[in-house]
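Worksheet for the structure shown next.
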Amino acid sequence: MTTLTNSGSTKPSLTILGLETSCDETAASVVRRDEDGRVEVLSSIVGTQFEQHAPFGGVVPEIAARAHVEAIDDVVAEAMRAAGIDFEALDGVAATAGPGLVGGVMVGLAFGKAVALARDLPLVAVNHLEGHAVSARLGADIPYPFLLLLVSGGHCQLLEVAGVGACTRLGTTIDDAAGEAFDKIAKSLGLPYPGGPALETLAASGDPTKFDLPRALLGRKDCDFSFSGLKTAAARLAEKVTSQTERADLAAAVQFAIARQLSERTDRAMKLYAAGHPGQALRFVVAGGVAANGAVKAALRRNCDDNGFSFDAPPLAYCTDNAAMIALAGAERLAAGVSDDLDAVARPRWPLDEAAALSNPSNSFGRKGAKA
Ligand code: KG4
Ligand code: ZN
């Protein structure tokens with residue numbers, strides 16, 4: 001249970017039920033945000049589907065959607081029980097409405113609409129990425145604005161966050177997300193799904209200097225990322241390694257290469273951000289599943305020291321997908337007087353900075369498009 005003060009709020013206390021079903025976690029949480037902006041996580045329940053997806057080495061959308069349908073009643077009931085409140089005590093419902101696997105998103109959003117309708121509560125259709133953007137505020141008082149590195153299984157972007165719903169994108173991946181690279185390389189090393197944490201464990205006993213991996217987009221002046229070259233190179237090497245020592249060395253080299261790229265682009269973004277905020281406090285936040293990685297965090301802390309930024313990351317439980325971050329994003333929106341109609345639609349693609357995504361879709365064709 002966390003209580004903290006997020007500066008600058010004068011709105012009434014709000015108790016919000018949050019729902020998250022955009023990928024392979026069925027999650028529900030109750031968060032209270034009081035009139036001073038203090039945040040208290042009353043409960044946060046995350047039901048994972050690892051076992052259902054593990055045989056396939058990745059998330060299977062149809063299996064995920066069915067698993068959400070089967071789990072959501074119990075997960076919500078448990079979140080309400082753990083919070084020690086009943087539905088009468090709620091002031092609103094916040095459900096992820098995208099981006100993500102649309103079958104799963106529809107399950108959580110429909111559930112949220114049903115609760116809102118039945119209990120006559122306002123609904124907030126939350127952008128999952130906005131949830132990650134506020135997630136560090138579940139564990140510390142971090143006033144806006146801040147520079148955000150959102151680095152997860154589906155997303156890798158640098159954003160200037162001026163407030164809830166006010167994000168400007170500084171850079172994004174032109175191919176894979178960092179977490180996707182972790183997962184796919186882990187798979188080629190024969191590690192179990194989800195690969196990121198397993199790769200980090202294997203890397204702990206490895207020597208990152210034993211393999212030389214490609215350094216993408218060197219010399220580019222923007223803040224974009226690319227991980228597909230690294231993924232291909234590492235997959236080729238993974239076919240050749242034989243001993244456990246070599247596997248650990250390759251895992252360490254991969255982790256080092258991913259952390260290095262995240263750090264190089266973040267350094268550039270910090271310089272841009274600092275130039276745009278003269279005389280102001282410089283705050284940096286890393287969020288998303290990959291923010292759980294120790295080597296990545298250590299590299300980003302060095303960026304902060306070099307550039308005069310404060311460093312924050314969400315508590316580990318709120319790095320990967322959870323519903324507390326969705327409830328908090330909903331609470332912040334409701335406190336600002338923003339809610340959604342019951343005909344809000346599930347959006348498989350929903351960039352945080354829509355203008356940037358439309359004007360410069362880093363990869364406009366295929367599966368990704370302007371998703372992130
Ligand atoms: O935020 P998240 O739960 O889901 C998305 O919104 O995508 O992030 C999941 C991603 C996965 O790719 C997972 O492998 C990665 O975060 N991840 C990690 C670690 N823990 C989770 N990657 C590297 N090291 C970790 N310790
Ligand atoms: Zn996520």
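Side chains are part of it too, since the values below use all heavy atoms of this structure and drop only hydrogens, waters and symmetry mates. Atoms within a ligand are numbered from 1 in the order they appear, just like the ligands themselves. Each residue takes its place number in the sequence, starting with 1.
- Within the listing of ligand 1, atoms 7 (O) sit less than 4.0 angstrom from a heavy atom of G154.
- Relative orientation of the Y193 and H53 rings is perpendicular, given thresholds of 30° and 60° on the angle between their planes.
- Distances from atom 21 (C) of ligand 1 to the heavy atoms of G131, G289, G153 put G289 nearest.
- In summary, no N, O or S atom of C23 is located under 2.8 Å from the Zn ion (ligand 2).
- Within a 6.0 Å radius of CZ in R66, no more than 12 heavy atoms belonging to other residues, nucleotides or ligands are found.
- Ranking protein heavy atoms by distance to atom 22 (N) of ligand 1, first place goes to G196 CA, 3.5 Å.
- The N, O or S atom of D321 with the smallest distance to the Zn ion (ligand 2) is OD1.
- The name of the N, O or S atom in H132 nearest to the Zn ion (ligand 2) is NE2.
- Closest to atom 24 (N) of ligand 1 among all protein heavy atoms lies N293 ND2, 3.0 Å.
- Below 4.0 Å from some heavy atom of G179 lie the following atoms of ligand 1, by number and element: 12 (O).
- When each atom of ligand 1 is checked for a heavy atom of E200 under 4.0 Å away, the hits are 24 (N), 25 (C), 26 (N).
- Within the structure, the closest approach of H128 to ligand 1 falls below 4.0 Å when heavy atoms are considered.
- In this structure, Y318 and S44 approach most closely via the heavy-atom pair CE2-OG, 3.9 Å.
- Within H128, the N, O or S atom at minimum distance from the Zn ion (ligand 2) carries the name NE2.
- The aromatic rings of Y273 and F309 lie tilted to each other, with the angle between the two planes from 30° to 60°.
- Salt bridge annotation for K271-D267: present, with a cationic side-chain nitrogen under 4.0 angstrom from a carboxylate oxygen.
- Residue contact check: C319 has heavy atoms under 4.0 Å from atoms 1 (O) of ligand 1.
- Using a 3.5 Å distance cut-off with no hydrogens or angles, the side chains of S228 and D176 do not pair a donor with an acceptor.
- F225 and F227 have parallel rings, their planes meeting at less than 30° on a 0 to 90° scale where 60° marks the start of perpendicular.
- Other residues, nucleotides and ligands place no more than 12 heavy atoms under 6.0 Å from the CE atom of M106.
- Between the side chains of R32 and T15, a donor-acceptor pair is found at a separation under 3.5 Å.
- Each of the atoms 1 (O), 6 (O) of ligand 1 lies under 4.0 Å from some heavy atom of H132.
- Those atoms of ligand 1 that come under 4.0 Å of a heavy atom in D183, given as number and element, are 11 (C), 12 (O), 13 (C), 14 (O).
- Polar contact check, D321 against ligand 1: a nitrogen or oxygen pair lies under 3.5 Å apart.
- The heavy-atom pair separating G18 from A323 by the smallest distance is O-CB, 3.4 Å.
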